[in-house]
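Reckoned from all heavy atoms, side chains included, excluding hydrogens, waters and symmetry mates. Below, chains carry the letters A, B, ... as their sequence lines are ordered, and counting in each starts from 1.
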Number of protein chains: 2
Amino acid sequence: MPESTLYPHVSVDCVIFGFTGEKLNILLISRSGINEEECYNDMKLPGSVIYENEDLDDAAYRVLHELTGIKNIYLQQFHSFGSPERTKNPQDIVWLENAIHMKIGRIVTIGYVALIKIGQKLQNFSDKYEAHWCDINNIGQLAFDHNIIVEKALDYVRLKLEDDPIGLYELLPKRFTEAELRNLHEIIFGTKVDIRNFHKKFLSLHYVVPLDEKQENVAHRAARYYRFDKIIYNQIHR
Amino acid sequence: MPESTLYPHVSVDCVIFGFTGEKLNILLISRSGINEEECYNDMKLPGSVIYENEDLDDAAYRVLHELTGIKNIYLQQFHSFGSPERTKNPQDIVWLENAIHMKIGRIVTIGYVALIKIGQKLQNFSDKYEAHWCDINNIGQLAFDHNIIVEKALDYVRLKLEDDPIGLYELLPKRFTEAELRNLHEIIFGTKVDIRNFHKKFLSLHYVVPLDEKQENVAHRAARYYRFDKIIYNQIHR
DNA sequence: ACAAAAGTGTTCTTGATACACCCATGG
DNA sequence: CCATGGGTGTATCAAGAACACTTTTGT
């Protein structure tokens, strides 16, 4: 893995999506510092300046791996942000120069989207970096232009998952119910779907295979669990 | 418009598509130089290192405007390329350092796609920069990683135009025949479409309005001309 | 028994596909 | 009169949309 000197002109930022079963979340990093004798405490996207001899995808992967410990991540570049205005806030500059111990001017950042399963293994890693899952509908003012990046990332995943739904199963746990998938659909595409029509389509997805397990201790009829079969999926999608 | 010092760490490259009525072309720039006492002559994408205080979109727009003289261009960022390998060819380095009169190390480039109408006005501008329309199926070895960029650009436009066909009308002349649109479809999506089914759909596109003009001096029944109505189009597409 | 979500079919509408002949024009 | 591409309709099929009741389980 590339470890050399930093290349402080280009960075990567990762918008990491996770699904709780109820809400769509993204992973944000707490940041605190002092600006003009005022303490502040806000959030930013996980990201990093790239190394001198490091490819962009590798840099995004490095950020993700360090933060979550996960390998084999669904990770896609989606847009680059290079407005000279994006580093105009002096607070951001001070913070960043502290973080990388370099004088920086302008930085162009390459945005990446990652889709992961929210799990418990992850939490340990996250705590070290003060990472928190935040509801996508309830995100405050972020550092730099990160609010814009998040918006664009959302647009991207919606469009992307529309013609390749594989990402939905990156967000769901290994075993999931039909209702969880339906709920995820509704949240991502912002639509109400008809239960019976959804069921019919669901049954026709041969890459979603039923398990012999059902929910337990739920105050209603227990739902069956299913799993996603990547091999069958790849056979179908050319 | 931003004119300051160059920022030789980030560039933009434009993949400019044009349609002759028969073939899909891209606009390439002739490049020549000497490398190890050998003359060479090859092609590259139009592009430029960005300026210190210039936004990415503005830089791409600047490249396009200087080259073609066109304003109001269909222009979209599609992907960024930052492999450390992309500037490994010493010939490319020498050429670029000559061109911008700066020492350069690594450069991350932001890829843009433009769709334009091949016209006569354009040619004057192009000649100055030694620009040439090249059939997309017949492109040799390009400078840097430009072959990879072109491939990715093609993937992008195909996907993009599939769910927003407005770009098709950026490629066609102001007045066009049904056959020209059909032909363009087939070339971009790589499919044969049924003439009668296409006709039925064509008639249902209210934003394609028939003109009272027909082809002249063709050795067969003259086809009607149509034009694209952007206003009607925008009314329909939310 | 009741609350809460699971599970399940039919009809209708719409869009996509398959398919073949006559027409207008220039040479 | 012939070669070339323009212009047109019908029947079938597949996918999506609308719509309501019974089953299971815990409290």
Side-chain angles (χ1 to χ4, degrees), chain A residues 19-23 158 161-165 168 172-173 175-227 236-238, chain B residues 19-23 158 161-165 168 172-173 175-227 236-238:
Chain A
F19 179 61
T20 61
E22 309 251 305
K23 299 273 191 177
R158 282 197 247 263
L161 295 186
E162 211 164 307
D163 75 51
D164 185 6
L168 296 171
L172 289 170
R175 57 176 208 177
F176 55 88
T177 64
E178 178 174 336
E180 285 175 314
L181 179 61
R182 176 156 38 83
N183 196 224
L184 180 56
H185 256 272
E186 294 190 338
I187 287 172
I188 289 194
F189 301 118
T191 53
K192 274 259 165 295
V193 302
D194 180 89
I195 296 183
R196 282 181 288 182
N197 291 336
F198 186 85
H199 181 62
K200 189 165 38 167
K201 198 193 279 180
F202 184 78
L203 290 179
S204 75
L205 302 177
H206 297 299
Y207 53 80
V208 174
V209 305
L211 301 174
D212 284 333
E213 300 165 53
K214 293 195 170 189
Q215 290 178 320
E216 283 170 39
N217 302 317
V218 284
H220 53 77
R221 179 169 175 179
R224 176 179 291 279
Y225 281 117
Y226 297 81
R227 68 178 180 84
I236 294 166
H237 290 72
R238 53 203 160 271
Chain B
F19 179 60
T20 61
E22 311 250 303
K23 300 272 191 177
R158 281 195 250 262
L161 295 186
E162 211 164 307
D163 75 51
D164 185 6
L168 296 171
L172 289 169
R175 59 175 207 176
F176 55 87
T177 63
E178 178 175 335
E180 285 175 315
L181 179 61
R182 176 156 39 85
N183 197 223
L184 181 57
H185 257 271
E186 294 189 338
I187 287 172
I188 289 193
F189 302 118
T191 54
K192 273 259 166 292
V193 303
D194 181 89
I195 295 183
R196 281 180 290 179
N197 291 337
F198 186 86
H199 181 64
K200 189 166 35 170
K201 196 193 279 178
F202 184 77
L203 289 179
S204 76
L205 302 176
H206 297 299
Y207 53 79
V208 174
V209 305
L211 301 174
D212 285 332
E213 301 164 52
K214 296 194 168 188
Q215 291 178 320
E216 283 170 38
N217 301 317
V218 285
H220 53 79
R221 181 169 172 178
R224 177 178 292 277
Y225 282 116
Y226 297 81
R227 69 180 179 82
I236 296 168
H237 290 72
R238 55 201 158 274

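- Regarding B/Tyr226, its OH atom lies at a distance of 11 Å from the P atom of D/dG6, rounded to whole Å.
- When the C1' atom of D/dT23 is taken as reference, atom NE2 of A/His220 falls 13 Å away, rounded to whole Å.
- For the segment residues 176-194 of chain B, the set of residues with a heavy atom within less than 4.0 Å of an atom of DNA chain C comprises B/Asp194, in numerical order.
- Atom pair A/Leu205:CG and D/dG16:P shows a separation of 11 Å (rounding to whole Å applied).
- To the nearest angstrom, P of C/dC23 lies 18 Å from CZ of B/Arg224.
- Spacing between atom CD1 of A/Ile195 and atom P of C/dG9 amounts to 15 Å, rounded to whole angstrom units.
- Atom NE2 of A/His220 is surrounded by more than 12 heavy atoms from other residues, nucleotides or ligands within 6.0 Å.
- The side chain of A/Arg196 lies closest to D/dC19 when the candidates are C/dG26, D/dC19, C/dG7.
- Closest contact between the side chain of A/Asn197 and the listed nucleotides D/dG5, D/dG7, D/dA17 involves D/dA17.
- Between A/Phe198 atom CZ and C/dT8 atom C1' the separation is 15 Å, expressed in whole Å.
- Considering only side-chain atoms of A/Lys200, the nucleotide from D/dG6, D/dA17, D/dG16 that sits closest is D/dA17.
- When each of D/dG7, C/dA6, C/dC19 is scored by its nearest atom to the side-chain atoms of A/Arg221, the top-ranked nucleotide is C/dA6.
- Between B/Asn217 atom CG and D/dG6 atom C1' the separation is 17 Å, expressed in whole Å.
- In this structure, B/Gln215 places its CD atom 12 Å from P of C/dT25, rounding to the nearest Å.
- Side-chain atoms of A/Glu186 do not come within 3.5 Å of backbone N or O of A/Asn183 as any donor-acceptor pair.
- We find the CZ-NZ distance between B/Arg221 and B/Lys214 to be 6.0 Å, quoted to the nearest 0.5 Å.
- The number of heavy atoms from other shown groups lying within 6.0 Å of CD (A/Glu22) does not exceed 12.
- Between B/Arg224 and B/Asp212, the closest side-chain pair of non-hydrogen atoms falls below 4.5 Å.
- Remark: the B/Lys214 side chain and the C/dT25 base include no donor-acceptor N/O pair separated by less than 3.5 Å.
- When each of D/dG16, C/dA16, C/dA6 is scored by its nearest atom to the side-chain atoms of A/Lys201, the top-ranked nucleotide is D/dG16.
- The number of heavy-atom neighbours closer than 6.0 Å to CD of A/Gln215, taken from other residues, nucleotides and ligands shown, is above 12.
- Here the options are B/Phe19, B/Phe198, B/Phe202, the test is ring-ring contact (aromatic ring centres under 6.0 Å, His included), and the partner is B/His185; only B/Phe198 passes.
- Between B/His199 and D/dG7 there is no side-chain polar atom (N or O) within less than 4.0 angstrom of OP1 or OP2.
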